[in-house]
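Step one of this worksheet: look at the structure below.
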Amino acid sequence: MPRRRRRYSDSEKTVILAKADEQFQRGDELENIAQNLDVPFSVLREWFREQTINILFPKAGIPSDESQMPSVTLFR
């Protein structure tokens, strides 16, 4: 029988990610971390991916108005 998908609140997700990050910094494998924290590996991997994307491309730096966006010349 397939495992029922569990939803995590934002506070649960924050706590789990903090614990997972701590274990990851020690050198533990992501699969083992997911098992230790009783979180599906695919969910933990996706959270780490989202976290990395948010670090690389912060939303605060994206202009909300098109007039604030820099002009880019693609062809000359």
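Not measured: the values here are computed from a predicted model. For the numbers below, each heavy atom of this structure counts, side chains included, while hydrogens, waters and symmetry mates do not.
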Subject >> Side chain Glu12, main chain Ser9, donor-acceptor under 3.5 Å >> reply: yes
Sequence neighbours left out, cut at 3.5 Å: what donor-acceptor pairs do the side chains of residues 39-47 make with other protein atoms?
{"residue": "Glu46", "atom": "OE1", "partner": "Arg49", "partner atom": "NH1", "Å": "2.7"}

**OP:** In plain terms, say whether Glu50 and Lys13 are close enough for a salt bridge, that is, a side-chain N and a carboxylate O under 4.0 Å apart.
**Re:** yes
**OP:** Examine distances only and state if a side-chain atom of Asn32 and a backbone atom of Asp28 form a donor-acceptor pair shorter than 3.5 Å.
**Re:** no
Original post:
Shared ILVMFWY cluster between Leu30 and Tyr8, side chains joined below 4.5 angstrom?
Top reply: yes
**OP:** Please list all pairs passing the salt bridge (Lys or Arg N to Asp or Glu O under 4.0 Å) test where one or both residues lie in residues 14-24, with sequence neighbours left out.
**Re:** Glu22-Arg26
**OP:** Give the cluster check for Phe48 versus Leu37: same hydrophobic cluster or not, with ILVMFWY residues linked at side-chain heavy-atom distances below 4.5 Å.
**Re:** yes
Original post:
To the nearest 0.5 Å, what is the distance between CD (Gln51) and CG (Leu56)?
Top reply: 11.0 Å
Original post:
Above 12 or not: heavy atoms from other molecules or residues under 6.0 Å from CG of Asn54?
Top reply: yes
